[in-house]
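These numbers come from the heavy atoms of this one structure, side chains and all, not from hydrogens, waters or symmetry mates. Chain letters run A, B, ... following the sequence lines, proteins first, then strands; residues in each count from 1.
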Amino acid sequence: MTTLYIVLPLALIIAGAAVAAFIWVVRSGQLDDVDTPPRRILFDDDAT
Amino acid sequence: MTAIAPRAKPDCAHCGLPIPAGRDDQFCCTGCEIVYGAIAEHGLDRYYALRDQAAPARTTTRSYAELDDPAFDRVHVQHEGEVSRTALYLEDLRCTACVWLVEAAPQCVPGIVDVRVDIGRSRADVTWDPNTVELSQIARHLDRIGHAVHPYRGLDRDKQRRREDRALLVKLGVAGAAVGNLMLLAIALYAGMFGGMQRADATFFRWASMLVAVPALGFAATPFFKTALGALRSHRLHLDLPLSIGIIAGLAWGTANVVRGVGEIYFDSLAMLVFLLLVARWIVLRHQRRASSAAELLLALTPSRARRVTGEDVVEVPIEALVPGDRVRVLAGETIPVDGVIASGASAIDAGLLTGESRPVDVASGDRVHAGTVNMAGPLTIDVVAAGEATRVGKLVASIEAMSARKAPIERFVDRVAGRFVATVTAAAAITMIGWSFASIATGAENAMALLVVTCPCALALATPLAVTVALGRAARRGILVKGADALERLATPGTIFLDKTGTLTEGKLAVTSWRGDLDAAKLAASAEAGSNHPIARALRSYSEPAQPARDAREELGAGIAALVGTQRVLVGSPSWIRRRCTVRSSVEHWITELAQRGESPIAIAVDGQVVAVAGLSDPIRPDAAAAIRELEALGWDVQLLSGDDTRVVDRVGAALGVPPEACHGMVTPEDKLARVTGARAAGPVVMVGDGVNDAAAMAAATTSIAVSGAAEVAIEAADVYLREPSISAIADTARGGRETLRTIKRSLRFSLVYNLFAGLLAASGIIHPLMAALLMPLSSGAVLANSFRSRAFENKP
């Protein structure tokens, strides 16, 4: 069980990193508009 | 006697609607034709494969020169090195195909760097190279593909909202991560409870839980703490108060137990609760944003530019650049951009937006005109009195926003329940504590805490706002703007419904509804009226195709028009005007009286000094009106017609709709309307549906009031519900939706009562356990959530 004392804090650090990434995503505005992107993926032609 | 039968034609190539008489090509209107041309020219035909709904295109032929004005540039445009950037509000952004078409703009107009569409806000962020292309050119392109352009107003409000949205989303993410990790830790602890776990390991897990839970939840739950504090300060009870007490008590007690090394912790259940509540808030916020952007749509009713007159010069400028004292010119057919006084010119104004009256008002120099009304006949020069948000329309939009933010009684009802809930739970906790203290004070505190944590007001805090929001959101998407949940609740119980005849049941627009005499004269009349913008002229033109171009058309405002069509001299006008110019046979006089008696306005057509035909013009009944009235009656409503119009007209409409004559009241003054509404209130709920100033008092007196599309300002302000689509069947939909929503809420509350009784009893008797709480709490929240989303309120009819 001693591995837990290493693995658990490690897991929490990774989780913290994920939260930090999420906060960055929100702050950078990627989630401001959630209505248009799901439509945009339908444009599969050369319109870039 | 009969209408001219339309020729069999294929449907419009762009929008698929039938092509009206008077057009020879494959399109229903010039708008569709221009748009189709623009799309084909740039090789963007894929649009037709992508789109999921077809609607007639509307284009304007504006120059958009005001967008190149330095004043606009200063206010709205950001410059970043070589490129400029601005936000535009686009009309008619409806579907995937629209997004695609607009975002393909860089391929069509060289110089556009990028266009990004936000369909929820009807907003397009445009980046362009000012050295290659001007903004007005870009706007003309967007206009040509069917999206009229306005400057995006309210950027500041958008920024503010974005800040709020992001802050909430961050909290949601933190709470979500906390839930996930706390669950993992809790599962280990629960498993260890059964499988045997070393005490040191358990302590380690408990400390880890605490280190995750306290900062994460302390941060994520701040919105609840803030509202609870605010409510405390103003001595009100708010749902967030019991929530905050539960969260803080749970966190504090858990922390104490971790430090002490004995006792239960409820971190996982608390985290789940906070997460679910935040999810609910986020959904509510998103729906609110939708509703308020619908209010912004009203603002788009006023034009974004005006022609400013300085001496002899006429320059197109943005509305923002206008100040009181400026002078603007408004051509026939244009919407008046400002509130002001006519300096010169005479015309007829369609003030339907403000007054709800379908008939145009004649105006002349010195008269006051308002932004949002339409100049129908001739050019006007107007001295600006108010522009932008200071106009009547601007104030109206502000009032709608304020109304939608108003807290609704059904939520107050929930707050009342919340008050009782707090009192009951606190009392139960105290009793539990005292009762168990006879055995041991520690056990008493333990059980009292457990009770505080597990009795959760999910149904109140989660299910009710969600049920209301889901209903309001669905309604708004169908063009039914409900200002506050209380209106929904009151519409749930049927009673008497009063319908105003003009504008509610009828189209609100003149059309030829009968024809007496020579049918060929219809073509001559249409030719003579070809150049006029008057509503009667439009009615005649949509009734028949013109024969050949007219010459020497002279229009006398409020009387008639005289023109030469081919070799024939054609007069079209009111009977009294015609009588002064031609001989009128007695059979024609008979037609005129007969039409007038039927409640139609007679318009005489004379050819070469002889009256050959009489057209009866009236406001036709909306096609869906009869079915909507049937539906309301089926829901248990007593439908009555109430109109200031002539009794004969009201009876005719009533007969056509199947409303019994005793329920049709004509020639009703505003005072009578008020009296009837007040009288009917004694018997039960009263709904007043109206659109004019004459209805406003009665609407305010009614239990619930509904304003229909095109209603007068005062009417909209007094109304609880505003129907954006000119469809009366929406009234029945609203009534049904209200009933459905209330049912959903009550179902949630009943369920929650059972859950809280059960959980409370378990906790008070000391047999609750964190594992049970972890299972019970999300189950109950999930159940009420599912119930809210399952609600069939405002869903499309099967």
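- Taking chain B as the reference chain and counting heavy-atom pairs below 4.5 Å, the highest number among A:Gly16, A:Gly29, A:Pro9 is found for A:Gly29.
- Only the side chain of B:Leu185 comes within contact range of chain A, with heavy atoms under 4.5 Å apart.
- In this structure, the portions of B:Ala200 lying under 4.5 Å from any heavy atom of chain A include both its backbone and its side chain.
- Remark: B:Asn181 pairs with no residue by the side chain to side chain donor-acceptor pair (under 3.5 Å) rule, at least two apart or across chains.
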Report task. Would you please test B:Arg85 and B:Asp114 for salt bridge (charged side-chain N to carboxylate O under 4.0 Å, His left out) and show each step? Result -> CA-CA 9 Å; B:Arg85 193 192 299 272; B:Asp114 183 43; 5.9 Å; no
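- Counting heavy atoms from C-beta on, the side chains of B:Trp128 and B:Thr86 come closer than 4.5 Å.
- Under the 4.0 Å criterion applied to side-chain N and carboxylate O atoms, B:Arg123 and B:Asp125 are assigned as salt-bridge partners.
- With a 4.5 Å cut-off on non-hydrogen atoms, A:Val19 touches chain B through its side chain but not through its backbone.
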